[in-house]
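Below is one structure, written out as structure tokens; comments come after it.
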Amino acid sequence: QVQLVESGGGLVQAGDSLRLSCAASGRTFSRYGSGWFRQAPGKERECVAAISRSGSIIRYADSVKGRFTISRDNAKNTVYLQMNSLKPEDTAVYYCAATSLYSATSYGHDYTYWGQGTQVTVSS
């Protein structure tokens with residue numbers, strides 16, 4: 001079992017930055033790939049970024065490329081999502097997830113463990 005707890009969400013203005021953190025506990029975190037997903041009301045869940053176990057493979061959704069950066073610190077069992085130049089359309093609940101797959105997958109069904117989510121609201 002892997003337990004994931006997100007933090008760092010909040011209410012910001014357009015153009016601001018936020019850094020989300022996902023703290024993992026349980027099994028060795030370095031054995032799991034990680035992803036950040038988001039879901040806005042009335043919209044489908046979207047993978048915004050994913051990172052492989054070692055951090056060598058990273059994927060981003062086109063909507064966040066150049067603005068968001070995913071990273072991980074396996075020594076701290078933590079995955080981060082640095083979000084810059086935030087836009088109102090980035091407003092959503094953001095979830096951290098872990099997969100036993102090696103690579104950075106953007107498919108939600110590949111992920112076994114999920115956090116409870118953290119709200120990010122960007123005002124215009």
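Treat the numbers as computed from the prediction; the structure is a model and nothing was measured. Sequence positions, counted from 1, serve as the residue numbers for this chain.
Between Ser63 and Glu89, the side chains place no donor N or O within less than 3.5 Å of an acceptor N or O (distance only, hydrogens not considered).
In plain terms, the two heavy atoms of Ser54 and Ser56 that are nearest each other are OG-OG, 2.9 Å. Heavy atoms only, all atoms of each residue included: Ala61 and Cys47 are closest at CB-O, 3.4 Å. Shortest non-hydrogen contact noted between Thr91 and Ala40 is O-CB, 3.6 Å. Ser17 approaches Ser85 most closely through the heavy-atom pair OG-N, 4.2 Å. In terms of heavy atoms, Arg59 sits closest to Ser103 at NH2-OG, 3.8 Å. Closest of all the heavy-atom pairs between Val48 and Val64 is O-CG2, 3.3 Å.
Lys65 and Asp62 are joined by a salt bridge, as a carboxylate oxygen and a charged side-chain nitrogen come within less than 4.0 angstrom of each other.
For the side-chain contact (heavy atoms from CB on, under 4.5 Å) with Phe29, the lone residue among Thr78, Asp73, Asn77 that qualifies is Asn77.
In the hydrophobic clustering of this structure, Tyr102 does not group with Tyr107; members are Ile, Leu, Val, Met, Phe, Trp, Tyr whose side-chain heavy atoms approach within less than 4.5 Å, directly or through other members. Follow the hydrophobic side-chain contacts under 4.5 Å out from Ile58 and you reach Trp36 in the same cluster. Under a hydrophobic-cluster definition in which Ile, Leu, Val, Met, Phe, Trp and Tyr are linked whenever side-chain heavy atoms come within less than 4.5 Å, directly or via other members, Leu20 and Val12 are assigned to the same cluster.
Ring-plane geometry between Tyr94 and Phe68 is classed as tilted, the angle between the planes lying from 30 to 60 degrees on a 0 to 90 degree scale. Ring planes of Phe37 and Trp114: tilted class, angle from 30 to 60°.
With values rounded to the nearest 0.5 angstrom, Glu44 atom CD is found 8.5 Å from Gln39 atom CD. Atom OG1 of Thr69 and atom CG of Leu81 lie 8.0 Å apart (nearest 0.5 Å). With rounding to the nearest 0.5 Å, the separation of CZ in Arg53 from OG1 in Thr99 is 8.0 Å.
Every residue was checked against the side chain to side chain donor-acceptor pair (under 3.5 Å) condition with Ser71, not counting sequence neighbours, and none meets it.
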Evaluate Arg38 against Asp90 for side chain to side chain contact (heavy atoms under 4.5 Å, CB included), listing each step before the verdict. CA-CA 9 Å; Arg38 68 184 181 187; Asp90 294 319; 2.9 Å; yes
Dump the intermediate steps for side chain to side chain contact (heavy atoms under 4.5 Å, CB included) on Gln1 and Tyr113, then the final yes or no. CA-CA 8 Å; Gln1 290 285 340; Tyr113 303 104; 3.5 Å; yes
Next on the checklist: Apply side chain to side chain contact (heavy atoms under 4.5 Å, CB included) to residues Arg72 and Val79 and explain how you reach the verdict.
Outcome noted: CA-CA 4 Å; Arg72 65 186 298 155; Val79 177; 4.0 Å; yes
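Remark: side-chain polar atoms of Thr28 are not paired, donor with acceptor, to backbone N or O of Ser30 under 3.5 angstrom. Listed for the Tyr60 side chain is a donor-acceptor partner under 3.5 Å among the backbone atoms of Ile70. Glu6 places a side-chain N or O within donor-acceptor distance of the main-chain N or O of Gln116, the cut-off being under 3.5 Å.
Between Thr105 and Tyr111 the shortest side-chain heavy-atom distance falls below 4.5 Å. Counting heavy atoms from C-beta on, the side chains of Leu4 and Tyr95 never come closer than 4.5 Å. Side-chain atoms of Tyr80 and Ser34, non-hydrogen and from C-beta on, never get closer than 4.5 Å to each other.
Atom CZ of Arg45 sits in a crowded spot, with more than 12 heavy atoms from other residues, nucleotides or ligands closer than 6.0 Å.
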